[in-house]
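Here the structure comes first, spelled out in structure tokens, and everything after it is commentary.
In what follows, chains are A, B, ... by sequence order, proteins preceding strands, each numbered from 1.
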There are 2 protein chains.
Amino acid sequence: MNPLALSNQLCFRAYALSRHITAMYQPLLKKLELTYPQYLAMLVLWESDGVSVKQMGEQLMLDSGTLTPLLKRMEEAGLLQRKRSAEDERVVHISLTDKGKKLKSKAAAIPGELQKCMGFSAEDYLEFMQVSARLLKHKNV
Amino acid sequence: MNPLALSNQLCFRAYALSRHITAMYQPLLKKLELTYPQYLAMLVLWESDGVSVKQMGEQLMLDSGTLTPLLKRMEEAGLLQRKRSAEDERVVHISLTDKGKKLKSKAAAIPGELQKCMGFSAEDYLEFMQVSARLLKHKNV
DNA sequence: TGCAAATTAATTGTGCACAATATAAATTTG
DNA sequence: CAAATTTATATTGTGCACAATTAATTTGCA
């Protein structure tokens, strides 16, 4: 086996799969007027409204260089508000607007639609989640 | 199970894994002065020097909007040459320079180093390759 | 043959990612 | 308590991704 062959690269497979999934989401998210990273931010907020930028960054594994402009665009779209904390002025809390909260019911259909159009089974889902968790485990080199 | 929970999203897992792997490559690729997508382009060229932009795009699943500027940067770095075909002037062929060819021996160590620093087993590798292939199979919706 | 349709790249514009740096506020220390 | 350090976010700059459009060829078929 040639270790430099593209088809043998775990890295390329993960990269291609991620972009493929994002592409599958795109038509579904267009209805909500969200990009894929914006959808991920909404998932965090629907679970834990009011998180700080740092907390969101920890969940999504993204830094402020990515999140600050993304959240500003979402604020302009009327989905959320950014407010600096009174107790600790370094912290910015993100809270959903009514518009942002209402979007959740529309989004509820998305996971099912995606599974249908990607055509994977519950077993594939589980196996992928397990093996990818193992690959993500060793983070501190 | 909450289908909108971030931790249950196959999409987020794939996205996080892909970015995690790219981050693991980054210090290794820095020695070669390549970005991660540039490394993928080199993998294609080391396997099939002289491919067209279209062929490279098919292998990497990237379009000319991504590849054209990427290849121009690599041409400026002296790794490859872009030449319009004489038979069909729409086609641009990409061929490695000596510098580009020589980089292959340096790159040979990378897959092993990556596996070591990510700490996954041959079984994990195989299982991931298999399940991700199944997830990628259903492309035509 | 002649021209519409298809093919291949390039361009333009928007939105991430992320490294590096800056800034300001809070905390720790001497 | 002042200086040094740490923490949280913002800014800047580079490099992808990708949709949409454009331009130059080539092909296919009436």
Original post:
Is the closest side-chain heavy-atom distance between B:Arg73 and B:Thr35 below 4.5 Å?
Top reply: no
**OP:** Please state whether the rings of B:Phe120 and B:Tyr125 are parallel, tilted or perpendicular, taking 30° and 60° as the class boundaries.
**Re:** parallel
**OP:** Go through D:dA10, D:dT26, C:dA9 for me and flag the one nearest to the B:Val92 side chain.
**Re:** C:dA9
Subject >> Check: D:dA8 base within 3.5 Å donor-acceptor of A:Ser64 side chain >> reply: no
**OP:** Would you mind checking if A:Glu76 and A:Lys72 are paired as a salt bridge, meaning a charged N to carboxylate O distance below 4.0 Å?
**Re:** no
Subject >> Rounded interatomic separation in angstrom, taking CD from A:Glu87 and C1' from C:dA24 >> reply: 17 Å
**OP:** Indicate the ring-plane relationship of B:Tyr36 and A:Tyr15, choosing parallel, tilted or perpendicular according to the 30° and 60° boundaries.
**Re:** perpendicular
**OP:** Please state how far atom CG in B:Leu67 lies from atom C1' in C:dT11, giving the value in whole angstrom units.
**Re:** 14 Å
Original post:
Please give, in whole Å, the distance from D:dT6 C1' to A:Asp88 CG?
Top reply: 12 Å
Original post:
Going by the angle between their ring planes, with limits at 30° and 60°, are A:Phe128 and B:Phe128 parallel, tilted or perpendicular?
Top reply: tilted
**OP:** To the nearest 0.5 angstrom, please state how far the CD1 atom of A:Ile21 sits from the CD atom of B:Gln9.
**Re:** 10.5 Å
Original post:
Within the structure, does a side-chain N or O atom of B:Arg84 lie under 4.0 Å from either OP1 or OP2 of C:dA9?
Top reply: no
Subject >> Distance (rounded to the nearest 0.5 Å) between A:Leu103 CG and A:Leu80 CG >> reply: 11.0 Å
**OP:** Give the rounded distance in Å between these two atoms: CZ of A:Arg73 and C1' of C:dT14.
**Re:** 8 Å
Original post:
Of A:Leu62 and A:Glu89, whose closest DNA chain C nucleotide lies nearer the 5' terminus?
Top reply: A:Leu62
Original post:
For the pair made of CE in A:Met74 and P in C:dG15, what is the distance, rounded to whole Å?
Top reply: 12 Å
**OP:** Using a heavy-atom cut-off of under 4.0 Å over every strand shown, decide if B:Thr35 touches base, sugar-phosphate, or nothing.
**Re:** sugar-phosphate
Original post:
Phosphate oxygens OP1/OP2 of C:dT11: is one of them under 4.0 Å from a side-chain N or O of B:Lys72?
Top reply: yes
Subject >> Listed nucleotide nearest any side-chain atom of B:Thr66, set C:dA17, D:dT11, D:dA17 >> reply: D:dA17
Original post:
Quick one: do B:Glu33 and B:Lys99 make a salt bridge, cutoff under 4.0 Å?
Top reply: no
Original post:
Roughly, in whole Å, what's the span from CG in A:Leu34 to C1' in C:dT14?
Top reply: 16 Å
**OP:** Check each residue of residues 45-60 of chain A for a non-hydrogen atom within less than 4.0 Å of any atom in DNA chain C, then write out the ones that pass by number, or none.
**Re:** none
**OP:** Using only side-chain N and O atoms of B:Tyr15, determine if any of them is under 4.0 Å from OP1 or OP2 of C:dA17.
**Re:** yes
Subject >> Any donor-acceptor N/O pair under 3.5 Å between D:dT9 base and A:Arg90 side chain >> reply: no
Original post:
To the nearest angstrom, how far is B:Leu29 atom CG from C:dA19 atom P?
Top reply: 13 Å
Original post:
Checking all strands, does B:Gln38 fall into the base, sugar-phosphate, or nothing category for heavy-atom contacts under 4.0 angstrom?
Top reply: sugar-phosphate
Original post:
For B:Tyr36 and D:dC16, what is the distance between atoms OH and C1' respectively, to the nearest whole Å?
Top reply: 13 Å
